[in-house]
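Beneath this line is the structure, given in structure tokens, with notes to follow.
Note that these values count all heavy atoms, side chains included, but never hydrogens, waters or copies made by symmetry. Lettering follows sequence order; numbering is per chain, from 1.
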There are 2 protein chains.
Amino acid sequence: MEEIDRQIMTLLADDGRMSFTDLAKETGLSVSAVHQRVRRLQKRGIVKGFTAQLDHEQIGLPMTAFVSIKPIDPSAPDDAPHRLRDLTAIEACHSVAGEESYILKVRVATPNELEDLLQKIRAAANVATRTTVVLSTPWEGRRPPI
Amino acid sequence: MEEIDRQIMTLLADDGRMSFTDLAKETGLSVSAVHQRVRRLQKRGIVKGFTAQLDHEQIGLPMTAFVSIKPIDPSAPDDAPHRLRDLTAIEACHSVAGEESYILKVRVATPNELEDLLQKIRAAANVATRTTVVLSTPWEGRRPPI
DNA sequence: GGTGAAACTCCGTGTGT
DNA sequence: ACACACGGAGTTTCACC
């Protein structure tokens with residue numbers, strides 16, 4: 001039964017708009033049973049939501065970079081995520097082990113915008129930054145083997 | 001008119017399963033006009049697809065890491081993406097500027113699995129690896145400001 | 001958890017402007 | 001590019017197992 005949930009999640013990860021009718025055909029369950037399972041998966045938070053995958057080039061954000069940050073004053077309390085939250089160009093913020101404390105993934109339109117963003121990051125969180133610019137992305141957001 | 005496309009994409013990025021009827025209400029257009037626009041956005045590849053957002057903890061992949069790789073033999077042809085393609089634990093592969101040639105984002109269940117994966121990466125692509133383990137993720141996959 | 005059916009809503013296409 | 005309309009398809013809830 002857990003097997004069927006995995007199957008449903010795999011199908012929805014591939015096509016987030018697949019109809020309940022088609023999910024039912026694929027799984028061999030009735031439409032209402034599938035409906036019930038999807039609602040339960042959402043309620044449990046295993047399925048957190050559904051989203052459209054957009055082409056960054058075409059929506060005007062062709063530049064991606066990873067920004068590692070390190071506090072200038074290591075004794076100060078670390079609330080970098082809170083301080084950086086309003087910088088919407090930061091697509092992801094990961095706390096990491098290693099020499100730096102966070103890795104940020106950012107999307108911008110131009111090198112100039114990246115420069116502006118780095119200044120804002122340094123000012124907002126009182127950190128030093130180390131930036132790695134993405135040249136191309138062979139793949140991204142690939143579905144994990146559930 | 002371009003404004004309405006941006007609005008539609010924002011709505012679909014927030015809720016990938018929103019009905020055309022609701023999109024029509026939000027945008028003030030008719031259902032068929034919205035339908036036409038979404039199909040066009042997909043045909044142009046601006047909307048690349050729709051996907052379910054899954055909780056990595058709950059699907060058994062609680063561990064995330066960034067793996068930077070550098071070729072051991074810099075004179076060899078660089079076909080790392082092709083050689084790494086079958087390692088499905090690699091969620092993303094970015095070619096980057098800087099000291100290393102690629103940054104990989106990987107998801108695994110345990111430290112042991114990470115160790116196995118790193119061995120496979122080194123063997124498959126003939127590279128040295130530098131791994132940064134993610135401790136927590138304040139946010140991820142946030143919608144860019146379209 | 002599962003089914004099946006009923007009532008409702010939505011989708012997708014055709015037609016017209 | 002958009003609006004309107006209509007038949008087919010999908011969704012959602014219900015009683016029952």
Exercise for review: Starting from the C-alpha separation in whole Å, work towards a yes-or-no answer on side-chain contact (heavy atoms from CB on, under 4.5 Å) for I121(B) and V127(B).
Suggested key: CA-CA 7 Å; I121(B) 290 172; V127(B) 291; 4.1 Å; yes

Practice item. Might you point out which heavy atoms bring A89(A) and V108(A) nearest each other, and give the distance in Å? Key: CB-CG1, 4.4 Å

Practice item. Please report, rounded to the nearest Å, how far the C1' atom of dC10(C) is from the CE atom of M18(B). Key: 14 Å

Point to revise | Protein-nucleotide distance (L29(A), atom CG; dT3(C), atom C1'), rounded to Å | key: 10 Å

Review point. Is T64(A) reaching over with its side chain to a backbone N or O of R107(A), donor-acceptor style, under 3.5 angstrom?
Key: no

Exercise for review: Examine R39(A) relative to F20(A) and say whether NZ or CZ is less than 6.0 Å from the centre of the six-membered ring and inside a 45° cone about the ring axis.
Suggested key: no

Check your understanding: When rounded to the nearest 0.5 angstrom, what is the spacing between CD1 in I59(A) and CG in L54(A)?
Key -> 5.0 Å

**Study point:** Nucleotide dA1(D), atom C1' - distance to CG of D5(B) in whole Å
**Key:** 11 Å

Practice item. Assign T21(B) to base, sugar-phosphate, or nothing according to its heavy-atom contacts below 4.0 angstrom with the strands shown. Key: sugar-phosphate

Check your understanding: Are K105(B) and E91(B) close enough for a salt bridge, meaning some N to O gap below 4.0 Å?
Key -> yes

Check your understanding: Any side-chain donor paired with an acceptor under 3.5 Å for T110(B) and N112(B)?
Key -> no

Review point. Taking atom P of dA1(D) as reference, at what distance in whole Å does atom CD of E3(B) sit?
Key: 16 Å

Exercise for review: Kindly say whether G16(B) contributes a backbone atom to a donor-acceptor pair with the side chain of R17(A) at under 3.5 angstrom?
Suggested key: yes

Review point. Is D55(B) salt-bridged to R44(A), going by a charged N under 4.0 Å from an acidic O?
Key: no

Check your understanding: Which whole-number value in Å describes the distance from L23(B) CG to dC10(C) C1'?
Key -> 12 Å

Review point. For the pair made of CZ in R17(A) and P in dA9(D), what is the distance, rounded to whole Å?
Key: 19 Å

**Study point:** Spacing of Q36(A) atom CD relative to dT3(C) atom P, expressed in whole Å
**Key:** 10 Å

Nucleotides 12-17 of chain C: which of its N/O atoms have a protein N/O under 3.5 Å away?
{"from": "dG12(C)", "atom 1": "OP2", "to": "H35(B)", "atom 2": "NE2", "distance (Å)": "2.8"}

Check your understanding: Rounded to whole angstrom units, what separation is found between the NZ atom of K25(A) and the P atom of dT3(C)?
Key -> 16 Å

Review point. Which whole number of Å gives the distance between the P atom of dG1(C) and that of dC16(D)?
Key: 22 Å

Exercise for review: State the dot-bracket string of DNA chain C. Criteria: Watson-Crick or G-U wobble, both atom distances under 3.5 angstrom; notation: ( ) intrastrand, [ ] crossing earlier pairs, | interstrand, . unpaired.
Suggested key: |.|||||||||||||||

